[in-house]
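Position 1 is the first residue of the sequence; numbering continues from there.
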Amino acid sequence: MGEKPQPYGLDMTIHHQPLGFSYGDEVTGPMPEIRHLDQIRASLRDPHCEGPDEVYAIAMDVARMQDRDELQKRMLLFGVVTYAAGSS
């Protein structure tokens, strides 16, 4: 018999209003930072574009509690991003 598959996903809930996410009991990370359209406008292909004010939520150094020590030992950083729905 083969090994039992390991669950590699993160227990998280995505929120749309307000934009962001929350962590499950076995996941650790900072509060997500919200990036607004005016903050990222200079890096866009069309800096004059229209869109939602809150473009995305981002958090770095997110991990399952059981993996945290190994990620730090290997100097790895895991991030999570969720994007707002676009506008037409």
Out of curiosity, does [Y] fall in the hydrophobic cluster containing [X] (side-chain heavy atoms, cut-off under 4.5 Å, transitive links)?
X	Y	answer
I58	F78	no
V81	L77	yes
I14	M60	no
L10	Y23	yes

Check the pair L37 / L44 against side-chain contact (heavy atoms from CB on, under 4.5 Å), numbers first and verdict last.
-> CA-CA 9 Å; L37 182 58; L44 299 174; 3.7 Å; yes
Residue D25 excluded, over 12 heavy atoms near CG under 6.0 Å |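 Atom CG in D25 is not crowded, with 12 or fewer foreign heavy atoms closer than 6.0 Å.
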Contacts of D38 that satisfy side chain to side chain donor-acceptor pair (under 3.5 Å) - sequence neighbours left out |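 For D38 the side chain to side chain donor-acceptor pair (under 3.5 Å) partners, ignoring immediate neighbours, are R41.
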Identify the heavy atoms of [X] and [Y] that sit nearest to each other, and give their distance.
X	Y	answer
H15	P18	CB-O, 3.3 Å
V62	L71	O-CD1, 4.5 Å
P30	D61	CD-O, 3.9 Å
A57	F21	O-CE2, 3.8 Å

Residues that D11 engages under salt bridge (Lys or Arg N to Asp or Glu O under 4.0 Å), provided they are two or more places apart =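 So D11 forms no salt bridge (Lys or Arg N to Asp or Glu O under 4.0 Å) with any residue.
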E26: partners by salt bridge (Lys or Arg N to Asp or Glu O under 4.0 Å), with sequence neighbours left out |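 By the salt bridge (Lys or Arg N to Asp or Glu O under 4.0 Å) rule, E26 matches no residue at all.
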I would like to know whether R35 and E33 meet salt bridge (charged side-chain N to carboxylate O under 4.0 Å, His left out); could you show each step before the answer?
-> CA-CA 7 Å; R35 296 291 190 260; E33 297 177 25; 2.9 Å; yes
Report yes if the side chains of M12 and V80 come closer than 4.5 Å at any heavy-atom pair, otherwise no.
->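 Side-chain contact under 4.5 Å: yes.
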Could you give the distance from CZ (R74) to CG (D67), rounded to the nearest 0.5 Å?
->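 The distance works out to 10.0 Å.
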When rounded to the nearest 0.5 angstrom, what distance separates NE2 in H16 from OG1 in T82?
->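 H16 NE2 to T82 OG1: 6.5 Å, rounded to 0.5 Å.
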Taking it one step at a time, do R64 and R68 satisfy side-chain contact (heavy atoms from CB on, under 4.5 Å)?
-> CA-CA 6 Å; R64 294 186 308 168; R68 186 125 180 113; over 6 Å; no
Can any side-chain N or O of Q39 pair as donor or acceptor with the backbone N or O of H36 at less than 3.5 Å?
->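 Yes; at least one donor-acceptor contact below 3.5 Å.
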Any sub-3.5 Å donor-acceptor pair from Y56's side-chain atoms to G20's backbone N or O?
->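 Not at all, since once roles are kept as given, no pair shorter than 3.5 Å links the two residues.
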